[in-house]
Amino acid sequence: YFGFDKEKVLTVVECKRYNADLGAVTQLRRYVEKIKDAKGLKTVRGVLVAPRISPNALKMLEDWGFSFRKVDPPKYLERYDRGQKKLDGF
């Protein structure tokens with residue numbers, strides 16, 4: 001997702017349902033860089049949102065100037081998790 005924050009800075013928000021890892025951070029960075037290039041902007045804010053983040057991912061996120069917000073998915077979504085097939089189930 002992306003939009004403008006309260007300071008009118010274009011902001012990219014990457015959401016993860018479970019643990020945010022190094023892959024999530026690099027994915028966010030790719031999105032931010034593509035939007036910077038496409039829009040010709042110098043500043044685009046990046047926010048990673050997930051229930052948890054690994055220590056290495058948090059360090060990388062902060063090194064790149066992005067931020068993390070802890071958000072737990074709503075409880076009603078848990079019923080979908082129980083019914084979802086895993087890749088090894090096919």
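Computed over heavy atoms, backbone and side chain alike; hydrogens, waters and symmetry mates excluded.
Residue pairs meeting the side-chain hydrogen bond (donor to acceptor under 3.5 Å, both in side chains) criterion with at least one member in residues 20-32, sequence neighbours excluded, are Lys16-Gln27, Gln27-Tyr31.
The local environment of NZ in Lys70 is crowded, with over 12 non-hydrogen atoms from other residues, nucleotides or ligands closer than 6.0 Å.
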Name each donor-acceptor pair under 3.5 Å that joins a side chain in residues 41-64 to protein atoms two or more places apart or in another chain, with its distance.
unit_1, atom_1, unit_2, atom_2, d
Arg45, NH1, Asp5, OD2, 3.3
Ser54, OG, Ala57, N, 3.2
Lys59, NZ, Asp63, OD1, 2.9
Lys59, NZ, Asp63, OD2, 3.0

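Phe2 is not connected to Val9 by any chain of hydrophobic side-chain contacts under 4.5 Å among Ile, Leu, Val, Met, Phe, Trp and Tyr, and they are in different clusters. At a threshold of 4.5 Å between side-chain heavy atoms, the hydrophobic network of Ile, Leu, Val, Met, Phe, Trp and Tyr places Leu28 and Ile35 in one connected group. Both Phe4 and Phe66 belong to a single network of hydrophobic side chains, linked directly or stepwise wherever heavy atoms of I, L, V, M, F, W or Y lie under 4.5 Å apart.
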